[in-house]
Amino acid sequence: MISGRVLSTEKETVDFATVYLKGTSYGGTTNHEGIYHLNAPAGNYTLIVSAVGYKTVEKAVVLTAGSRVKQNLTITPETQQLDEVTIVSTGVSRVKRSPFNAVAVDTKELQNTTKNLSDALTKAPGMKLRESGGVGSDMQLMLDGFSGKHVKVFIDGVPQEGVGSSFGLNNIPVNFADRIEVYKGVVPVGFGTDAIGGVINIVTNKKRRRWFLDASYSYGSFNTHKSYVNFGQTFKNGFTYEINAFQNYSDNDYHIYAPVENFETGQINRNKKERVKRFNDTFHNEAIIGKVGILDKSWADRLMLGFTYSNMYQDIQTGVRQTIVYGQKHRKGHSLMPSLEYGKRNLFTKGLDVVLTANYNKNLTTNVDTATYKYNWLGDKKLMNSPGEQSYQHSEANNNNWNGTFTANYRLGRMHTFTFNHVLNAFSRSNTSLLAKEAVSDAIAKETRKNISGLSYRLMPSEHWNLSVFGKYYNQYVAGPIATNTNQDNYERTTRSVSSMGYGAAGTYFILPGLQAKLSYEKAFRLPTIEEMFGDEDLEMGDIGIKPENSDNANFNLSYTRSFGKHSIYVEGGLVYRNTKDYIQRNIADLSGGKYAATYINYGKVLTKGFNISARYSFARWVSVGGNFTQMNVRDNMKKSISSNADNLGYGERMPNLPYMFADSDVTFYWRNLGQKGNTLTVTYDNQYLHGFSYYSDFLGSNKGDYEVPSQFSHNLALSYSLKNGRYNVSFECRNFTDEKLYDNFSLQKAGRAFYGKVRVYFGN
């Protein structure tokens with residue numbers, strides 16, 4: 001037997017850390033006191049201790065027959081660690097001592113699949129991914145009833161506003177992340193954000209590794225190619241470098257059912273849907289991220305200079321409704337982003353930790369819509385009287401985005417922690433039309449500047465409970481063109497500035513070992529985004545006068561975690577309350593010629609109440625099974641119409657075009673040392689259920705027609721075989737193997753049955 005206790009460098013107990021003997025099936029987790037016990041045959045081993053948020057530790061040990069070895073270990077928190085994350089079982093785990101309602105998605109079990117980061121997020125309770133099509137299509141993440149701009153995305157604590165679609169979560173492979181943290185509703189000050197729905201933080205692997213190489217390639221249905229390579233090295237003197245590159249390509253030429261326009265009659269029979277093949281939907285993107293810097297110096301734990309280049313091309317097959325089809329419309333763009341990251345624990349004095357980041361992102365996006373033909377779903381084309389399938393244009397949007405973050409944590413003894421955070425984000429866009437022989441630029445640029453400051457205090461008198469209180473200051477400056485007449489042919493520059501104060505509190509209490517309650521409240525504000533104010537210069541129309549949202553957010557969560565012998569269980573349930581004013585709603589606007597675009601308005605008042613339940617069980621290292629169920633009531637809370645003083649007929653009804661009930665489950669089996677020692681066969685089955693919802697408000701009754709997203713239940717199967725402890729890997733996937741008709745948005749059908757294969761190699765130490 002070998003046993004011992006695992007502590008952090010802060011002398012804190014690390015419970016539920018993973019402890020195992022390298023290359024064997026002997027392993028377990030530490031209990032709530034950080035103590036572990038392992039039984040194994042006599043021999044020489046390497047003992048490995050890992051916990052998400054901490055650097056992995058390896059220790060050589062010798063076990064002698066009939067004797068007991070005691071081995072205590074100390075592990076070091078990673079820089080930028082927000083709160084300890086415990087690994088309970090495969091998949092989703094609880095962010096433990098944090099009083100905020102948060103979970104962490106462990107991506108390690110997904111790294112042999114072809115999933116991207118947005119796919120991985122669907123394992124988190126309350127999370128729903130909404131896509132308008134195949135690879136590279138427009139994507140929205142929905143979290144506890146809020147979606148799109150309500151949910152903010154970070155990578156290693158750095159906000160990802162303005163990075164462009166080529167670096168969206170549905171275009172980044174899952175191998176890019178070590179884990180994904182999801183903070184639901186009330187958000188810690190350390191992120192310095194104006195999210196109402198929550199925060200998604202992509203955490204990359206920052207463990208010090210002498211050298212490593214992770215490379216993969218996959219091919220699948222619809223001529224889909226994906227590749228990924230990540231390699232780097234850290235020298236004894238602390239000098240380090242890392243290169244990360246990936247690409248995606250797909251024709252997206254899957255079959256759908258859609259009404260076809262008859263060019264002879266000019267009619268579209270919406271009740272007759274034919275099986276047709278998408279033909280103008282190619283997407284590809286490429287990205288390379290390079291970092292170089294210094295680690296573990298007296299003046300810096302981490303100092304990194306980085307540079308990111310990304311490129312994308314996207315054919316646009318359809319608009320916001322599938323009755324419209326485009327044959328030549330497309331978009332392309334590229335982005336350049338230098339960055340700086342600095343982190344130091346115990347700067348100047350013990351207990352003062354500082355993190356500073358800065359980046360500049362220059363993004364150039366070109367929209368091309370110059371075709372002289374109109375297309376239908378059969379690929380037939382008809383000459384039009386004037387060019388432009390949706391809106392005649394060949395334009396460049398030159399976006400410049402500056403971002404800086406500063407976070408300071410000061411620990412005063414064991415009980416008290418103060419956190420200060422400030423985020424500065426500045427954006428400008430200039431538009432240029434390339435239709436004429438000489439380029440014509442808009443006379444008035446579009447600009448925003450956002451400052452958010454936060455201060456929090458955390459009291460942690462014991463391991464059993466802690467409490468945080470915080471305040472946030474929001475300020476936004478906006479400048480841009482506004483029409484001075486109804487013909488919208490004359491514009492002048494207008495400016496406005498808004499500021500608000502938010503506040504909140506969060507607490508957690510361990511009722512019993514493993515049984516934890518969390519309660520949090522926040523008076524939160526969300527400032528309008530670039531797209532909501534300025535649009536995307538194509539299918540999205542902005543409104544410079546749109547007001548910030550404000551919301552009273554409350555969360556209650558109860559979770560239970562226990563390991564006994566080879567068994568581990570994890571159960572949690574959460575209640576959600578959001579009372580939102582000046583709710584920003586995305587609507588569909590009718591344009592001339594039967595065309596559509598998206599618009600944004602301040603709807604007024606929306607009330608959200610709901611709950612989600614999550615459970616997971618694992619037996620030893622052989623099987624893991626779990627699932628999530630979410631139900632959210634997002635209701636219209638406006639008694640009077642926003643356009644008049646008349647009664648609002650939709651009062652109390654569900655907000656349209658929002659999923660309100662969905663679930664998922666999965667089961668994974670492991671056959672270890674299959675074929676030879678160190679080889680593992682993994683088989684995973686998972687499914688997703690989505691209950692039907694309406695595109696229009698329920699008060700319209702039978703007048704809604706068929707404007708509904710139907711209930712759907714999809715199934716996926718994945719098989720992976722790893723050799724030599726994960727050095728060589730091959731996997732095969734079948735997605736939607738029952739070939740269900742899948743929709744996330746009304747009438748925009750996603751792919752049917754699809755097959756993918758992947759090979760991956762990993763070297764390193």
Side-chain angles (χ1 to χ4, degrees), residues 9 50 52-57 75-82 107 153-160 163 167 172-173 175-181 190-192 201-215 228-246 287-310 335-348 352-362 401-409 421-425 762-765:
T9 51
S50 65
V52 181
Y54 291 86
K55 297 178 180 179
T56 298
V57 170
I75 58 179
T76 305
E78 292 180 350
T79 304
Q80 281 192 295
Q81 176 200 356
L82 293 176
T107 64
V153 178
F154 292 73
I155 295 180
D156 291 326
V158 178
Q160 297 300 292
V163 296
F167 216 68
I172 303 177
N175 303 63
F176 182 81
D178 188 60
R179 71 179 186 274
I180 310 173
E181 297 175 344
F191 286 108
N201 186 33
I202 309 301
V203 182
T204 61
N205 191 340
K206 293 186 177 182
K207 297 172 184 175
R208 180 166 178 162
R209 294 174 283 179
R210 270 199 313 175
W211 65 274
F212 65 93
L213 168 67
D214 187 1
Y228 173 82
V229 62
N230 178 213
F231 63 91
Q233 192 172 8
T234 301
F235 298 90
K236 291 182 178 179
N237 63 1
F239 177 77
T240 184
Y241 71 89
E242 182 177 351
I243 302 294
N244 204 320
F246 58 87
I288 182 168
I289 306 104
K291 293 183 178 180
V292 61
I294 293 291
L295 302 179
D296 302 327
K297 296 296 183 181
S298 60
W299 43 272
D301 293 329
R302 184 176 177 87
L303 176 62
M304 301 292 291
L305 296 174
F307 184 82
T308 300
Y309 171 79
S310 60
S335 176
L336 301 169
M337 184 172 71
S339 62
L340 168 70
E341 175 191 349
Y342 172 80
K344 180 69 179 76
R345 296 174 66 86
N346 300 316
L347 179 68
F348 303 132
L352 178 61
D353 303 339
V354 171
V355 175
L356 175 69
T357 70
N359 61 61
Y360 164 68
N361 181 28
K362 185 172 184 63
N401 200 88
W402 295 265
N403 187 84
T405 71
F406 174 77
T407 304
N409 286 287
N421 175 277
H422 183 80
V423 172
L424 166 65
N425 180 270
Y762 180 86
F763 300 91
N765 58 23

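For this chain, numbers begin at 1 and follow the sequence in order.
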Quick check for you: to the nearest 0.5 Å, what is the distance between [X] atom [atom1] and [Y] atom [atom2]?
| X | Y | atom1 | atom2 | result |
| --- | --- | --- | --- | --- |
| Y309 | M337 | OH | CE | 14.0 Å |
| K344 | D301 | NZ | CG | 4.5 Å |
| F763 | W211 | CZ | CH2 | 7.0 Å |
| D156 | N201 | CG | CG | 6.5 Å |
| L305 | L340 | CG | CG | 6.0 Å |
| I202 | F154 | CD1 | CZ | 11.5 Å |

Legend entry - Test side chain to side chain contact (heavy atoms under 4.5 Å, CB included) applied to Y241 and F235, step by step: CA-CA 9 Å; Y241 71 89; F235 298 90; 4.2 Å; yes
Minimum heavy-atom distance [X]-[Y], with the two atoms named:
| X | Y | result |
| --- | --- | --- |
| T107 | A177 | OG1-O, 2.6 Å |
| I243 | G290 | CD1-CA, 3.9 Å |
| L356 | T405 | CD1-O, 3.3 Å |
| A408 | L352 | CB-CD1, 4.5 Å |
| F231 | L213 | CB-CD1, 3.8 Å |
| G190 | T407 | O-OG1, 3.8 Å |

Inset, instruction - Return yes if some donor-acceptor pair links the side-chain N/O of N359 with the main-chain N/O of P338 below 3.5 Å, else return no. - result: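 No; zero donor-acceptor contacts below 3.5 Å.
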Legend entry - Verdict with reasoning, N403 to N361, per side chain to side chain contact (heavy atoms under 4.5 Å, CB included): CA-CA 8 Å; N403 187 84; N361 181 28; over 6 Å; no
Should [X] and [Y] count as side-chain neighbours, where that means a heavy-atom distance under 4.5 Å?
| X | Y | result |
| --- | --- | --- |
| D178 | T204 | no |
| K206 | E341 | yes |
| Y228 | D214 | yes |
| N237 | I294 | no |
| F246 | I289 | yes |
| N230 | F176 | no |
| L347 | Y342 | yes |

Legend entry - side chain to side chain contact (heavy atoms under 4.5 Å, CB included) partner of F307, the single match among L336, V292, I288: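 That would be L336; it is the only one of L336, V292, I288 passing the side chain to side chain contact (heavy atoms under 4.5 Å, CB included) with F307.
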Inset, instruction - Could you give me the CA-CA distance, side-chain angles and deciding distance for M304 and T240, then say whether side chain to side chain contact (heavy atoms under 4.5 Å, CB included) is met? - result: CA-CA 9 Å; M304 301 292 291; T240 184; 3.7 Å; yes
